[in-house]
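Please read the structure below before turning to the comments.
This one's a predicted model, so the numbers in the text were calculated from it and none came from an experiment. In what follows, chains are A, B, ... by sequence order, proteins preceding strands, each numbered from 1.
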Amino acid sequence: MAISEKDVKHVAWLARLALSDAEVEKFAKQLDVILEHAGKIAELDTKDVQPTAHAIPLKNVLREDKVGRCLAPEVALANAPHQEDQAFVVPRIV
Amino acid sequence: MELFKLTIHELHEKLVSKEISAKELAQSVFSRIDDVEERVKSYITVTRDVALAKADEIDKKIAGGERIGPLAGIPTAIKDVMNTEGIRTTCGSKILDNYIPVYTSTAVKNLLEEGIVMTGKTNMDEFAMGSSTENSGFFVTHNPWDLERVPGGSSGGSASVVAADEAIFSLGSDTGGSIRQPAALCGIVGMKPTYGLVSRFGLIAFASSLDQIGPFTKDVTDCAIVLNHLIGHDINDSTSVKIDKPDYTKALVNDLNGIKIGVPKELMAEGIDSKIKAVIENSLKLLEANGAVVAETSLPNIEHSLSAYYIIAPAEASSNLARFDGVRYGYRVPDAVDLIDMYMRTRAEGFGDEVKRRIMLGTYALSAGYYDAYYGQAQKVRTLIIDDFNRAFTDYDVLVSPTTPTTAFKIGEKVDDPLKMYLSDICTIPVNLAGLPGISVPCGTVDGLPVGLQVIGKTLGEEMMLRVAYSFEQSFGWSEKPKL
Amino acid sequence: MEFESVIGLEIHVELDTESKMFCGCSTRFGEAPNTQTCPVCLGMPGSLPVPNKKAVEYVIRTGLAIFCDISLFSQFHRKNYFYPDMPKNYQISQYDIPLCIDGHVDLEMEDYATTIGVTRIHLEEDTGKLLHIGGAGRIAGADYSQVDFNRAGVPLMEIVSEPDIRTPEEAKAYAQKIRAILVSLGVSDCNMDQGSMRVDANISLRPVGREELGVKAELKNLNSFRSLQRGLAYEIERQTKALQNGEAIVQETRHWDETKNTTSTLRTKEYAHDYRYFPDPDLVPMEFDPEWIEGLRAELPELPDERKERYMSDFGLPAHDANLLVETKATGDFFEAAVALYGGDAKIMSNWILGDLTYYLNSENVEIDAGEVKPAHLVEMVELIDDGTISGKIAKELFSEMFKTGKMPKAIVEEKGMTQISGQDEIAKIVDDVIAQNPDAVQEFHDGKERAFGFLVGQAMRLTKGRGNPQLINRLLKERL
């Protein structure tokens with residue numbers, strides 16, 4: 001087994017996904033098959049291989065410190081599910 | 001005349017010569033939409049009013065004697081993964097059901113400035129994760145060639161919309177084959193440019209290091225025309241490349257004399273349907289007949305592409321999709337008792353199963369203790385695959401292969417077997433990992449369903465790739481259309 | 001058992017750039033909520049970051065100023081965790097290859113010198129601000145929270161020290177030294193009130209002589225240098241007691257409460273994060289030309305340590321004075337401006353600045369460059385003392401007036417009639433009166449009681465309302481007795 005139901009519960013928590021017990025069981029099975037396949041690359045000898053983050057070797061892409069246009073606050077908040085006093089509102093945190 | 005059936009270059013001539021108006025053209029396309037959309041289900045959102053207003057604007061320009069570009073007045077559909085200011089953009093997900101962007105993606109903006117008439121936003125697998133468009137949070141799109149079958153994915157709506165003549169061309173995005181695979185299954189041209197050639201700013205990210213926007217068109221000429229206006233350096237995208245913009249239409253030369261074409265044997269091996277192999281072998285003969293030197297080559301590490309891809313893409317996605325949390329936009333559960341409850345249930349209700357699977361897969365691959373074995377190793381395998389391509393390109397100008405291992409499959413056939421679904425992209429995924437340009441051109445049918453030939457170019461080798469695709473298209477003379 | 005405290009500081013500093021770290025929004029402080037945002041810093045779908053070159057430069061300058069090695073290759077990572085003040089639910093930060101590593105800061109304490117190592121300096125983006133509604137306005141007990149993203153994406157530099165700090169006093173001195181350096185470099189205003197400089201402390205205890213580290217607590221909400229020192233002192237006391245009672249220290253984050261003077265548990269390690277760091281695929285690596293870095297090094301302004309040396313060698317100041325004058329850039333600048341205007345001894349300027357001026361500034365909680373008293377005020381006042389117009393005693397009174405009103409010393413002296421009485425005849429008359437009115441004291445003086453003389457001088461000063469020239473009073477009194 002590449003991944004257990006306990007692992008699935010843990011990653012679901014890290015990713016903030018509520019799962020039912022049935023879903024945990026289903027996803028554990030599916031993810032196990034995928035990881036079993038994908039995990040095969042662990043066997044490859046890559047001791048002297050550099051990792052590639054980007055296929056195109058760009059570097060030093062930086063911008064000058066210039067102020068640009070901001071959104072009007074009503075535009076920034078236009079899609080907010082809940083707002084008040086020109087701020088986004090979230091339910092109690094603790 | 002059925003204007004909706006024509007290509008960009010044909011329509012442009014008619015618009016310039018005032019034989020037709022942009023409004024007539026738009027109306028023709030919308031009447032086609034009215035006829036077939038109910039059966040095909042390409043669009044999530046149709047923007048008829050905006051489109052007709054824009055067509056009027058173009059007509060005024062033409063009437064005023066203003067010169068118009070080749071895309072002016074052309075009805076265009078946009079995959080619902082690109083932000084369009086003021087126009088609902090869902091990314092195929094319930095979590096963005098009510099999201100109205102406050103800005104427009106650079107790629108779409110480039111085309112709007114050229115005068116395209118946007119007809120609407122097309123259906124897709126949720127967050128571009130899928131190969132059949134069955135993962136859309138809204139509905140399934142049907143393949144115009146056989147409505148019982150999938151159009152491919154994730155840009156299934158953008159492929160079916162062009163195949164069914166519900167738009168003259170469209171834009172899609174390709175992370176592991178999401179343009180080329182549905183183009184092949186729908187019998188049209190679909191192209192993924194070199195990574196960094198088209199700005200990703202405003203493209204809702206799936207896997208940032210792999211995503212690239214590209215066109216779906218009816219022929220290779222249209223593809224070159226769209227590409228001319230799609231590309232360009234963007235200061236808002238750190239991964240955008242700076243090059244002098246070529247005129248890709250100049251690359252459309254029907255002659256392959258002395259062009260060296262490699263056929264990676266790993267992409268013609270088991271797993272590829274034998275009937276598809278036969279169609280591809282025929283295509284190779286056509287290429288040879290046109291002067292090309294065709295030979296078998298090998299990319300020994302690409303057998304690991306799928307593994308590397310299904311670690312890298314979900315890892316990046318798990319982080320990219322963290323922002324969909326119900327705080328600033330999109331869906332939020334109405335009755336959350338606290339923040340954690342709001343996060344957990346908003347995301348559980350907002351995302352579909354495939355998105356959840358990939359988020360969890362990616363989260364796992366990045367989590368403490370697994371990073372080196374999965375993500376770190378996948379990035380190294382990526383290097384090996386790039387090295388393979390580099391070696392092959394010292395001997396060959398382009399590589400060709402089938403675009404897909406099978407033709408369009410039945411709706412529902414693979415939904416319960418994620419791994420089997422993932423295998424539909426085995427020919428296209430390596431190209432994304434290496435950041436290379438790839439195009440799928442129709443090359444025949446198997447049992448009445450289209451087959452695509454994939455031409456893979458060198459990094460920024462779009463011109464040679466287009467030349468080969470164009471020459472093939474000219475000698476093959478494809479003219480079949482789905483019967484709707 | 002004797003315990004030794006082991007302290008390391010993490011200092012977060014907002015860099016003083018015009019625009020944010022990854023977008024063009026302004027970094028201005030104190031604007032209305034959500035007026036300085038755009039698709040990038042709101043984490044809208046599809047938006048992409050592009051790093052601010054100046055912020056990168058500022059971090060490298062800081063690294064050079066505290067003797068770090070500058071990484072010729074560096075990159076940004078994503079730090080993944082969900083929190084509503086973070087628009088993308090990941091923070092763009094740095095992980096295994098920060099911009100600067102392995103530096104140090106020298107400290108001069110009252111009676112010894114020490115060096116604090118700097119592990120790393122890295123660059124990241126700040127978060128938005130939460131406003132808790134209901135309850136006491138604190139997160140615990142609030143009904144809900146409002147989020148303002150104006151601060152989200154402001155460039156943030158984190159300076160992480162080695163656990164080389166041994167006392168709360170050293171911690172304070174280290175933080176103050178870092179601030180002086182950053183302000184001299186012009187990379188941040190380091191305003192702790194506005195949160196542009198934030199200090200977190202890690203503290204553990206271990207028996208003296210033992211190498212192995214004890215279990216640490218992380219201390220937050222240290223909003224001033226005073227809080228830093230007091231919070232650590234409290235924590236040392238708490239942990240010492242616990243250890244002496246045989247209790248185990250729990251690894252946790254603790255909150256310093258300035259009003260209650262205690263620390264309390266904020267969260268324990270059970271909530272340990274798994275940040276899933278990975279290189280941000282939206283950003284490309286940075287590779288620096290060593291020549292460019294040398295160019296930045298050559299352009300570094302004078303730093304506090306160099307300034308201190310100069311004050312000692314050029315102005316002959318004792319180390320104690322020089323140390324205090326360079327503690328903030330503004331104090332040093334004030335001192336130098338005053339010395340430049342004044343022809344006399346620099347030590348006199350130092351005395352007034354470190355004495356009366358600092359006293360008034362502290363008691364009114366005013367920054368030196370924001371106060372009413374400017375170098376010109378101080379110099380004019382000292383010149384009035386030098387030419388005998390006012391006495392030192394009057395000067396003290398004058399200083400207070402100057403501090404309150406910002407008027408020039410000469411104007412105040414004229415307005416209030418504070419000039420010194422130095423007329424021989426006038427003083428003589430007063431001295432005669434004092435002798436006549438205090439026969440007892442005169443007798444005591446003649447009996448050899450020195451103290452009586454002081455009393456008589458004081459009486460003369462009283463009659464002149466403090467304006468009598470003390471030397472003259474002394475001389476005439478002696479003559480006439």
Check whether M360(B) gets within reach of chain A through its side chain, its backbone, both or neither, counting any heavy atom under 4.5 Å.
-> both

Other residues, nucleotides, ligands: >12 heavy atoms within 6.0 Å of K109(B) NZ = no

Indicate whether any N or O donor in one side chain lies under 3.5 Å from an N or O acceptor in the other, for N320(B) and S208(B).
-> yes

What residue pairs, at least two apart or across chains, pass salt bridge (Lys or Arg N to Asp or Glu O under 4.0 Å) with a residue in residues 352-364 of chain B?
-> E23(A)-K356(B), K26(A)-D353(B), E354(B)-R357(B), E354(B)-R358(B)

With no hydrogens and no angle check, do the side chains of D234(B) and S240(B) hold a donor and an acceptor under 3.5 Å apart?
-> no

Which of the residues D416(B), I311(B), D341(B) is involved in the greatest number of heavy-atom pairs with chain A at under 4.5 angstrom?
-> I311(B)

Contact class of V89(A) relative to chain B, heavy atoms under 4.5 angstrom = backbone

Top contributor to chain A contacts, counting heavy-atom pairs under 4.5 Å, from K242(B), E316(B), M344(B) | M344(B)

So, the part of L19(A) with a heavy atom under 4.5 Å from chain B: the answer is side chain

Most heavy-atom pairs under 4.5 angstrom with chain A, which of P418(B), G196(B), P101(B)?
-> P418(B)

If you check every heavy atom in residues 38-56 of chain A against those of chain B, which residues fall under 4.5 Å?
-> A38(A), G39(A), I41(A), A42(A), L44(A), T46(A), V49(A), Q50(A), P51(A), T52(A), A53(A), H54(A), A55(A), I56(A)

Ion pair check, D388(B) and R391(B), cut-off under 4.0 Å = yes

CD1-CD1 distance between I426(B) and I302(B), expressed to the nearest 0.5 angstrom | 8.5 Å

Okay, side chain of T346(B), backbone of V333(B): is any donor-acceptor separation there less than 3.5 Å?
-> yes

Between V94(A), D7(A), I3(A), which has the largest tally of heavy atom pairs under 4.5 Å with chain B?
-> I3(A)

With a 4.5 angstrom heavy-atom cut-off, could you sort out which part of T459(B) is near chain A: side chain, backbone, both or neither?
-> side chain

Check whether T239(B) gets within reach of chain A through its side chain, its backbone, both or neither, counting any heavy atom under 4.5 Å.
-> both

Which answer fits L433(B), side chain, backbone, both or neither, if we ask what part of it has an atom under 4.5 Å from a heavy atom of chain A?
-> backbone

Verify ring pair (Phe, Tyr, Trp, His ring centres under 6.0 Å) between Y331(B) and Y99(B), making sure each step is shown before the conclusion.
-> CA-CA 8 Å; Y331(B) 177 70; Y99(B) 167 62; over 10 Å; no

Please tabulate, for the side chains in residues 365-375 of chain B, all donor-acceptor contacts under 3.5 angstrom to protein atoms that are two or more places apart in sequence or on a different chain.
residue: S367(B); atom: OG; partner: Y364(B); partner atom: O; Å: 2.9
residue: Y375(B); atom: OH; partner: Q379(B); partner atom: NE2; Å: 3.3

Can you tell me how far CD of Q83(A) sits from CZ of F88(A), rounded to the nearest 0.5 angstrom?
-> 7.5 Å

Most contacts with chain B, counted as non-hydrogen pairs under 4.5 angstrom, among V33(A), L35(A), V8(A) | L35(A)

Proximal component of Y309(B), with respect to chain A [non-hydrogen, under 4.5 Å] = neither

By a 4.5 Å heavy-atom criterion (distance strictly below it), what part of R63(A) contacts chain B: side chain, backbone, both, or neither?
-> neither

Using a 4.5 Å cut-off on heavy atoms from C-beta on, say whether the side chain of Y195(B) contacts that of D211(B).
-> no

Supply the atom-to-atom distance L31(A) CG to S4(A) OG, rounded to the nearest 0.5 angstrom.
-> 11.0 Å

Using distance alone, with no hydrogens and no angle criterion, decide if T104(B) and N83(B) have a side-chain donor and acceptor under 3.5 Å apart.
-> no

For chain B, which residues from residues 72-79 of chain A lie under 4.5 Å away (heavy-atom distances)?
-> V75(A), N79(A)

Residue part contacting chain A, namely of A322(B), when any heavy atom lies under 4.5 Å = neither

Is it true that a side-chain atom of R88(B) and a backbone atom of D97(B) form a donor plus acceptor pair closer than 3.5 Å?
-> yes

What do the steps show when you test I429(B) against Y422(B) for side-chain contact (heavy atoms from CB on, under 4.5 Å), and what is the final call?
-> CA-CA 10 Å; I429(B) 279 173; Y422(B) 297 171; over 6 Å; no

Please look at I100(B) and chain A and tell me whether the side chain, the backbone, both or neither of the residue comes under 4.5 angstrom of a heavy atom of that chain.
-> both

Interatomic distance, CG@D80(B) vs OG1@T90(B), rounded to 0.5 Å, equals 3.5 Å

Interface check, chain A: of L436(B), I385(B), V381(B), D338(B), most non-hydrogen pairs under 4.5 Å belong to D338(B)

Toward chain A, the part of F351(B) with a non-hydrogen atom under 4.5 Å | side chain

Begin with the C-alpha distance, continue with both residues' side-chain angles, and end with the deciding distance and a verdict on side-chain contact (heavy atoms from CB on, under 4.5 Å) for L399(B) and L299(B).
-> CA-CA 11 Å; L399(B) 303 177; L299(B) 303 169; 4.2 Å; yes

Greatest number of non-hydrogen atom pairs under 4.5 angstrom with chain B, of L71(A), I34(A), L62(A), falls to I34(A)

Please state whether the rings of F324(B) and F127(B) are parallel, tilted or perpendicular, taking 30° and 60° as the class boundaries.
-> tilted

